[in-house]
A.B. asks: 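One structure, pasted below without further comment.
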Amino acid sequence: MAATDAKPHRPPRCFARRRLPQLIRRALGAHLIAGGRAKRSVPAQSAPNSAPLRALMVAALALKGMAPASAQTVEVESAAVQFGGYREGGTQFWAGPNGTLQQPSPLRVDTFRAGATFRMNDRLRLGLEFLQDTWSGATPYITAPEGFIQVTGASAYVATDKAAAAGRVDRVTLVPFNLQGRPLVPQPQIINLWTSASAETRNQFRASLNYEWNDAALGVSGGISDEPDFRSGTIGLNGRWDFNQKLTSLSGSVGYTKARVDANLGVPSPYVDYGLYVNPPSGPRIVSVSGPGLVLGVPSSQTQTLRFQGDREDVAVNAGITQILTRNTTVSTGLTYSRSSGFLENPYKLVLLGFANPATPPVLGYFATNLFAVQEKRPDVRNQWTWNIHLAQYVPPANAALHLDYAYSSDDWGIRAQTLAAKWAQPLGDGWTITPTARYYTQSAANFFQPYFLFRQAYPRNPSNAGLLDFSRMPIPYWSSDQRLAGFGALSFGLIITKQFAKDVRLEIGYENYRRSGDLKLGGGGVGSYADLSANVLNVGLVFEFQNGPSGDSGGHDHHHPDDGDEPQSRPARHLGADAPAGVMNAHMMDVAGGFMAAYNAMYSRQSGSTLGGSVPATDAAILASCGVQGCPTTPSKMTMQMHMLELMYAPTSWLNLMLMPQMVAMSMSNRILDGGFYTPVGGHSHAEMDLSGHHSGGFGDTTAGALLQLYRSARSEVHLGLGLSIPTGSINERMPSHGNELLDYGMQLGSGTWDFIPTLTYNGSARRWTWGAQVGMVKRLGGPNNDGYTLGDLYQGTAWVNYHLADTFAVSLRGLAWDQGAISGQLKGTTAVVDASGTVSYPRPLDSSAGVAGNYGGRFVDLGFGFSFAVPGRERQGDRIAFEWLQPVKQNVNGYQLERTGSAALSWRMMF
Amino acid sequence: MPRLALAAALLIAAGAGAGGAAVAASLVGQKAPECALAPLGDSPPFDLAAARGAKVLYVDFWASWCGPCVRAFPFLNALDREFRDRGLQVVGINVDERADDALAFLRRYRANFPVAKDSGGACPRAFGVVGMPASYLIDRRGIVREVHIGFRDGEAAQRRAQVERLLAEPDPGPGGRAEGER
Amino acid sequence: MRKSTAIALLFVVAGCAEVPAWDRGNLAQPHMAPDPFPAQRALLEHVYSSREGSTAGAAGQGGGCGCY
């Protein structure tokens with residue numbers, strides 16, 4: 001992977017508020033974006049002390065219909081950034097008869113969410129939201145009694161040998177025998193078999209528009225969600241009508257979602273009977289798709305992988321009423337009807353169907369049972385009704401609020417569910433609120449759910465293939481073993497802690513422990529303990545609620561109190577660096593003690609096109625040669641990386657800024673087969689059939705902490721030193737489950753795995769409408785190789801930029817950037833120990849791609865950056881800014897052979913407090 | 001039968017809520033009500049009755065928990081600053097249950113006009129407040145001329161114009177001023 | 001009790017509540033909002049719908065499956 005592996009750190013950009021004469025601001029309302037020029041022409045000192053003049057100006061403007069407290073301006077109203085993590089555990093693990101099975105890696109989901117709302121005018125509100133989550137880890141794919149499972153080494157699978165009847169059940173009770181040859185036990189252990197899929201990242205965008213009348217509101221919303229196997233679009237309409245002096249509110253909503261499923265089932269498995277979905281007359285289907293992979297150990301672009309495809313639609317309608325009962329109590333209740341249709345099966349789950357043949361000779365004390373693993377079959381339609389009621393009770397002596405929720409839902413799949421939840425929101429003073437929460441959920445199983453199915457009949461033979469099922473003669477219409485549809489109860493306890501800082505910023509930390517078990521089902525009869533699971537959910541977020549008055553009279557953390565008689569300031573030195581392009585790190589320092597800044601930075605970079613050797617396109621033969629003696633079957637054809645960072649900066653003094661930046665990353669890689677490529681397995685693990693089309697990875701990345709120190713500052717220029725430390729919080733244990741669980745290559749890991757020292761030296765200058773700056777910096781890896789056995793190369797970087805203000809609140813920038821990414825030392829560790837003749841143990845890693853070669857990393861690059869920035873509407877006074885920059889690669893000279901970089905984009909939204 | 005019951009219930013519901021609105025609406029053209037105000041924090045006491053006179057009165061009921069009040073305050077400050085010399089008296093009447101909440105709000109959102117409080121509810125009830133904030137424009141003769149419930153930035157221009165209109169009306173002199181009723 | 005009568009009763013109850021506009025301070029507190037922690041609820045609801053059979057459901061409330 002290319003130099004973008006440096007995981008560029010985005011240290012804080014400083015920022016200084018702009019002080020405009022109060023009069024000017026009022027006179028023009030907030031039309032600052034367009035009005036920059038006009039403001040400049042007003043003499044700085046004239047207005048504030050001259051009341052009659054001021055009044056005259058205001059009156060004049062009022063006559064022109066432009067009220068000082070302007071009603072029609074766009075203002076940002078709120079923003080939020082949240083990081084969340086979900087970690088599952090507590091699942092039953094069966095180590096196999098000889099304890100050889102490996103514990104599956106627990107399911108893990110990392111979530112990032114960012115959103116903002118804008119007041120478009122008095123009555124119209126726009127909301128935008130972006131969400132990204134990456135999940136990885138193992139999920140159960142089939143459930144079977146112990147006796148039906150075959151274990152070889154570290155693999156376990158259901159013994160669905162189509163010709164032979166591998167299972168045995170008691171002739172009378174139909175209870176499956178325990179492991180072959182062992183005596184029957186009344187309750188054979190039911191076991192989940194697990195599979196780990198490659199990590200999957202989902203991106204979701206939502207937008208909503210809301211219009212308010214005095215006693216009613218109407219909103220429309222829409223969203224799209226994209227993940228490798230599922231793409232959906234949603235639209236919704238919601239409304240509210242208040243009457244009775246707003247004591248009573250009616251609400252209603254309608255939502256429609258259309259989704260397309262395209263699940264990658266991997267290479268066809270000989271153990272699964274796909275017959276139900278191959279060439280169906282309608283509905284979901286399984287198709288075969290060609291792609292890069294291994295066929296009989298030989299790389300081929302025609303490797304067949306199976307895709308389970310289908311469409312689905314969901315419609316939901318809701319009506320509710322909220323009523324204020326007393327000065328301390330409100331109650332609301334609602335009814336929702338939802339209808340889902342189309343592809344409702346879980347494409348990744350298999351169901352065990354066992355046919356105990358009653359014609360088995362009685363001398364064998366059992367029924368020989370034919371076992372089949374098949375895809376789920378669920379009804380095409382699901383109708384569900386849910387009724388919920390919510391009570392909010394204010395408790396005056398504690399100043400607390402108690403929330404109670406109850407919901408009852410019922411659908412035509414047989415699932416009846418109830419939820420009871422309680423929250424006690426307790427303010428503790430000084431802006432702290434602590435809220436313990438509890439929730440109990442219980443559901444009954446779907447009609448067609450069972451851990452596995454056993455029928456006392458010969459299996460219906462497929463007329464064209466005796467070893468397969470005839471799905472038109474099945475004894476039941478639907479079947480599923482997905483534990484979501486089982487009977488169980490779930491109990492969760494949580495805690496939400498919030499702290500209000502300044503008046504605009506709130507920190508929210510939420511934790512919940514969730515436990516799901518058949519034991520917890522109301523009324524008993526829940527699913528067995530094999531389906532137990534527990535999870536911990538933690539999220540940390542910042543919520544910004546901007547209190548903008550039309551005159552920007554928001555008081556609060558102004559270092560100069562806003563007052564009628566405020567002195568306008570000439571452009572102070574602390575503006576320097578405020579307009580550095582979006583992609584520059586550490587460019588700006590806050591120079592007033594007590595300042596706080598939060599910024600959301602996003603970056604997207606992409607590589608595709610030719611594979612370069614040095615600076616020229618390389619031949620496949622050369623790329624193959626870089627893989628050495630063991631060769632490699634593929635080389636990357638496209639790579640993308642997304643980073644979402646939250647930059648937090650605080651100035652304890654005027655010459656020191658402290659910074660913390662957590663981030664979330666997501667990478668994807670697509671491969672193509674190399675001409676002449678070949679694959680050498682390691683340690684006797686043969687992977688005759690393998691899907692090599694690509695990989696994804698994602699989750700929390702490394703966290704940077706640091707400080708900025710002011711070295712020199714004058715009216716027109718300043719220099720500061722940045723000292724940063726990258727903390728290896730990003731996982732370097734990302735693996736390829738479909739490839740022997742080997743580690744993903746260097747660029748696909750989420751962090752560097754090492755503590756890195758990041759010094760930078762920045763210079764900023766300005767003159768009238770121009771600002772410029774330059775910066776040199778480096779990333780120095782501290783300590784030896786990381787736990788995977790390698791160290792990323794050091795990075796040296798220099799950049800310079802100019803920025804021109806077309807208006808006070810809009811600027812464009814041009815930048816040059818050059819960097820040298822050092823080569824990797826060491827190399828990725830494989831999973832299999834190989835002992836050579838002299839007894840040395842090594843862990844060679846088989847190469848599935850040229851990206852796995854340490855030598856194909858690093859290089860020297862030059863980019864040109866084009867950007868623009870504008871003030872956040874409604875927050876111009878505070879200096880909030882949104883900036884965008886496109887970085888165009890101009891020169892690339894790579895080490896080894898790497899896919900060329902086609903460009904990257906950076907977005908930055910900075911908030912100052 | 002069920003439909004009738006539903007209709008009846010809706011009517012009752014609507015009617016019950018209409019009471020306050022009826023009072024507020026009927027105030028237009030009537031003499032402004034009298035009510036006693038208490039001082040808020042350190043601010044000097046404000047006498048509503050005495051404030052009437054040659055001045056146009058802009059009475060605004062506000063509370064610390066009322067969102068639109070945050071946006072109304074800068075507007076009220078602007079009105080006060082621009083028209084105080086021309087005879088406008090802006091007064092903010094706070095209805096918070098706890099004075100501390102009101103004072104915290106004032107520390108954050110400055111009020112340059114006099115503020116007073118009535119936590120008992122007599123004053124808002126007399127004025128028929130049906131939503132927060134509630135503003136009442138009282139002319140120089142002591143008659144309520146405009147009632148506004150709620151506040152949106154877009155209404156500022158219209159209210160300002162109404163204030164100008166009332167300020168332009170001649171002062172009827174001591175004899176023409178209506179004494180407060182009730 | 002018949003459903004329609006229950007609904008009618010609800011409306012009558014609605015008519016009986018008398019909380020004047022100036023007395024709604026407690027109800028206006030941020031932690032008394034029907035959804036005091038929307039960010040938390042959004043994340044947790046996604047967790048519940050991925051592990052339970054009835055909560056909103058995949059693609060129920062808009063947004064992708066993200067099922068895990």
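Quick caveat, the model's predicted, so the values are computed rather than measured. Chain identifiers are assigned alphabetically (A, B, ...) following the order of the sequence lines, protein sequences preceding nucleic acid strands; residue numbering begins at 1 within each chain.
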A.B. asks: Taking every non-hydrogen pair under 4.5 Å, which of C:Pro30, C:Ala28, C:Pro20 racks up the most with chain B?
C.D. replies: C:Ala28
A.B. asks: Which pair of non-hydrogen atoms, one from B:Gly131 and one from C:Ala21, has the smallest distance, and what is that distance?
C.D. replies: N-CB, 3.4 Å
A.B. asks: For residues 20-45 of chain C, which residue pairs qualify under ring pair (Phe, Tyr, Trp, His ring centres under 6.0 Å), counting only residues two or more places apart or in two chains?
C.D. replies: none
A.B. asks: Partners of C:Val47 by side-chain contact (heavy atoms from CB on, under 4.5 Å), sequence neighbours excluded?
C.D. replies: A:Tyr86, A:Val537, C:Tyr68
A.B. asks: When rounded to the nearest 0.5 angstrom, what is the spacing between CG in C:Asn26 and CZ in B:Arg98?
C.D. replies: 6.0 Å
